[in-house]
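In what follows, a structure is listed as structure tokens, so that the remarks can point back to it.
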Amino acid sequence: MADTSTALRAVALNVRAARVRAGLSQGELSRRSQVSKGTLVALENSQGNPSLATLVRLADALGMSLSALAQGAAEGRVRIITADAVKPLWTGGRGSEARLMVTTTGPSPVEVWCWQLQPDEEYSSQAHPAGVVETVSVTAGRMTLVVDGTEHSVEAGQIAAFDGDAPHSYRGAGVGTCHLIMTVHLPPSPASGL
């Protein structure tokens, strides 16, 4: 429970700081992110339980990586992350999950995700801002990647790369669990505000 409240406080501080830096009111950030003002107010007060979709919308609207919203105090030069130490940001009803393992620093950050998809379980994502590129590398099993309504089968040993500025989804296929590593390559952050 302490880990969850610490993470929520970090998200609250980071969202508020990014919003203020961008010169946005809560109402304007709510409009741009399509997150209700009530949800945003609660989040900035370290309350509630924001979904992955909510956090993605806020990160996209603020022009920052998802993990930049969640990061706490700076760590050392080298970070070693254990999957079991990272809580899933999304879980499906059949046991699927997605964990944001790390985001690189610098002007064009990259998020690295570990996913497990059960057969026929799906996660749908809204379109991201222009310039976001995703890669999906299947390490075991099989999945169906749907980008802008078109299905693509991706099997173990294959990588799919696509522009993330269209609606897309990831669905487990076959009979076993699909394991994959997803990267989200973010465009350089704007120099100031939105």
Electrostatic pair R19-E44, nearest N-O below 4.0 angstrom: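 Looking at E44 together with R19, the answer is yes, because their closest N to O distance falls below 4.0 Å.
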Do the side chains of V41 and N45 get nearer than 4.5 Å, heavy atoms only?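 A side-chain contact exists here, since the closest heavy-atom pair is under 4.5 Å.
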Contact check, side chains of W113 and L89, non-hydrogen atoms, under 4.5 Å: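 They are in side-chain contact.
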After noting the C-alpha distance and the side-chain angles of L43 and V11, does the key distance pass the side chain to side chain contact (heavy atoms under 4.5 Å, CB included) rule? CA-CA 8 Å; L43 180 60; V11 169; 3.7 Å; yes
Taking all non-hydrogen atoms of both residues, which atom of [X] and which atom of [Y] are closest, and how far apart?
| X | Y | value |
| --- | --- | --- |
| M143 | C178 | CB-SG, 3.7 Å |
| L24 | L62 | CD1-CD2, 4.3 Å |
| L40 | S30 | CD2-N, 4.0 Å |
| A130 | P187 | O-CG, 3.9 Å |
| T39 | S36 | OG1-OG, 2.8 Å |
| V138 | G141 | CG1-O, 3.5 Å |

[X] with [Y], same ILVMFWY side-chain cluster at under 4.5 Å:
| X | Y | result |
| --- | --- | --- |
| V146 | V133 | no |
| V147 | I159 | no |
| L13 | V15 | no |

Distance in Å, [X] [atom1] paired with [Y] [atom2], rounded so as to fall on 0.5 Å steps:
| X | Y | atom1 | atom2 | result |
| --- | --- | --- | --- | --- |
| R57 | L29 | CZ | CG | 12.5 Å |
| T104 | H185 | OG1 | NE2 | 9.0 Å |
| D163 | D148 | CG | CG | 11.0 Å |
| L100 | M182 | CG | CE | 8.0 Å |

Take V184 and V132 through the test side chain to side chain contact (heavy atoms under 4.5 Å, CB included) and record every step on the way to the result. CA-CA 7 Å; V184 180; V132 172; 3.7 Å; yes
Please check if any side-chain donor atom of [X] sits under 3.5 Å from a side-chain acceptor atom of [Y], or the reverse.
| X | Y | value |
| --- | --- | --- |
| T144 | S153 | no |
| D60 | H128 | yes |
| H168 | E134 | yes |

Please test L145 against Y170 for side chain to side chain contact (heavy atoms under 4.5 Å, CB included), starting from the C-alpha separation and ending with a verdict. CA-CA 5 Å; L145 171 66; Y170 324 98; 3.8 Å; yes
In a check of side-chain contact (heavy atoms from CB on, under 4.5 Å) between V35 and each of L55, V56, L58, which one passes?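 For V35, the side-chain contact (heavy atoms from CB on, under 4.5 Å) test succeeds with only one of L55, V56, L58, which is L58.
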Atom pairs and distances, side-chain donor-acceptor, residues 114-124, under 3.5 Å, sequence neighbours left out:
{"from": "Q118", "atom 1": "OE1", "to": "T177", "atom 2": "OG1", "distance (Å)": "3.1"}
{"from": "Q118", "atom 1": "NE2", "to": "T177", "atom 2": "OG1", "distance (Å)": "3.1"}
{"from": "E121", "atom 1": "OE1", "to": "R94", "atom 2": "N", "distance (Å)": "3.3"}
{"from": "E121", "atom 1": "OE1", "to": "S96", "atom 2": "N", "distance (Å)": "3.2"}
{"from": "E121", "atom 1": "OE1", "to": "S96", "atom 2": "OG", "distance (Å)": "2.6"}
{"from": "E121", "atom 1": "OE2", "to": "G93", "atom 2": "N", "distance (Å)": "2.6"}
{"from": "E121", "atom 1": "OE2", "to": "R94", "atom 2": "N", "distance (Å)": "2.9"}
{"from": "E122", "atom 1": "OE1", "to": "R171", "atom 2": "NH1", "distance (Å)": "3.3"}
{"from": "E122", "atom 1": "OE2", "to": "S169", "atom 2": "OG", "distance (Å)": "2.7"}

